[in-house]
Amino acid sequence: MEALIYGYVRDELAGGDSEELEDAMCSLASSAGMCFAATFHESTTGDGTAFAELTAELKRADAHHVMVPSLEHLAGQTIPREILLAKLADEAEARVWTVSNLPPLRSGEFSAP
């Protein structure tokens, strides 16, 4: 059975290219032998609702992989990126993959772009 991977996109950073970004994430997941399940879109208000829903879904589905177009999609909110990465790692044992930077990263194993 293929491992599930979920996408996370901040719409204000997508610049109208959400569909293309999602296609790229899906293709990359497929080439890595994973099943791309769904993308969670954070609204332009950036209130963290989609991130909370993503974390809950990872736990519910016992999934441990998240794909983002870039690490910038986990920054710029009221919560710093390092805390969001740690939350995914601690609460859902999730690894974060980026379209622009592979292999997968765990909290503390990346250099900020």
Side-chain angles (χ1 to χ4, degrees):
M1 179 177 195
E2 295 178 321
L4 289 176
I5 187 165
Y6 289 84
Y8 177 79
V9 173
R10 282 184 40 213
D11 289 336
E12 78 273 12
L13 295 179
D17 296 327
S18 291
E19 188 174 320
E20 290 84 0
L21 291 172
E22 192 164 343
D23 288 346
M25 292 188 298
C26 187
S27 294
L28 186 56
S30 179
S31 70
M34 296 184 183
C35 176
F36 194 84
T39 300
F40 288 80
H41 290 267
E42 197 69 67
S43 70
T44 55
T45 60
D47 64 1
T49 300
F51 187 84
E53 291 171 352
L54 167 64
T55 304
E57 177 60 15
L58 288 167
K59 291 191 285 188
R60 186 205 64 76
D62 196 26
H64 306 287
H65 301 279
V66 175
M67 177 84 66
V68 293
S70 71
L71 289 176
E72 291 177 354
H73 286 258
L74 292 175
Q77 300 181 42
T78 57
I79 301 171
R81 174 177 45 221
E82 291 79 12
I83 293 174
L84 296 177
L85 285 166
K87 183 174 179 65
L88 289 171
D90 293 343
E91 291 187 19
E93 299 176 17
R95 299 186 83 179
V96 175
W97 298 66
T98 64
V99 171
S100 60
N101 185 12
L102 291 176
L105 306 168
R106 282 199 186 270
S107 176
E109 293 182 355
F110 66 91
S111 345

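A quick note: this is a predicted structure, and the numbers were derived from the prediction, not measured. FYI, side chains are in, hydrogens and waters are out, and symmetry mates aren't considered; it's all heavy atoms of this structure.
A 4.5 Å side-chain heavy-atom check between Phe51 and Leu74 finds at least one atom pair inside the cut-off. Two residues are said to be in side-chain contact when any heavy atoms from C-beta on lie closer than 4.5 Å; Asp11 and Glu42 fail this criterion. Put simply, the side chain of Val9 reaches to within 4.5 Å of the side chain of Pro69, judged on heavy atoms. Side-chain contact check for His65 versus Arg95: some heavy-atom pair is nearer than 4.5 Å.
One distance of note links CD of Glu82 with CG of Leu84; it measures 9.0 Å at 0.5 Å rounding. The line from CG of Leu88 to NE2 of His64 is 12.0 Å long, rounded to the nearest 0.5 Å. The distance from atom OG1 of Thr98 to atom OH of Tyr8, rounded to the nearest 0.5 Å, is 15.0 Å.
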Kindly determine whether Leu85 and Val96 satisfy side chain to side chain contact (heavy atoms under 4.5 Å, CB included), including the steps that lead there.
CA-CA 8 Å; Leu85 285 166; Val96 175; 3.4 Å; yes
Do Met34 and Trp97 pass the side chain to side chain contact (heavy atoms under 4.5 Å, CB included) test, and can you show the C-alpha distance, the side-chain angles, and the key distance before you say yes or no?
CA-CA 12 Å; Met34 296 184 183; Trp97 298 66; 3.2 Å; yes
Show your working on side chain to side chain contact (heavy atoms under 4.5 Å, CB included) between Met67 and Val99 and close with a plain yes or no.
CA-CA 7 Å; Met67 177 84 66; Val99 171; 4.2 Å; yes
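Applying the side chain to side chain contact (heavy atoms under 4.5 Å, CB included) criterion to Ala61, with sequence neighbours excluded, gives Leu4, Tyr6, Glu57, Ala63. With sequence neighbours excluded, the residues forming a salt bridge (Lys or Arg N to Asp or Glu O under 4.0 Å) with Glu91 are Lys59, Lys87, listed by chain and number.
The cluster map of Ile, Leu, Val, Met, Phe, Trp and Tyr, joined by side-chain heavy atoms under 4.5 Å apart, puts Leu58 and Leu71 in the same cluster.
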Without placing hydrogens or testing angles, list every side-chain donor-acceptor pair under 3.5 Å for residues 15-29, not counting sequence neighbours.
{"from": "Glu22", "atom 1": "OE2", "to": "Thr39", "atom 2": "OG1", "distance (Å)": "3.2"}
{"from": "Ser27", "atom 1": "OG", "to": "Asp23", "atom 2": "O", "distance (Å)": "3.1"}

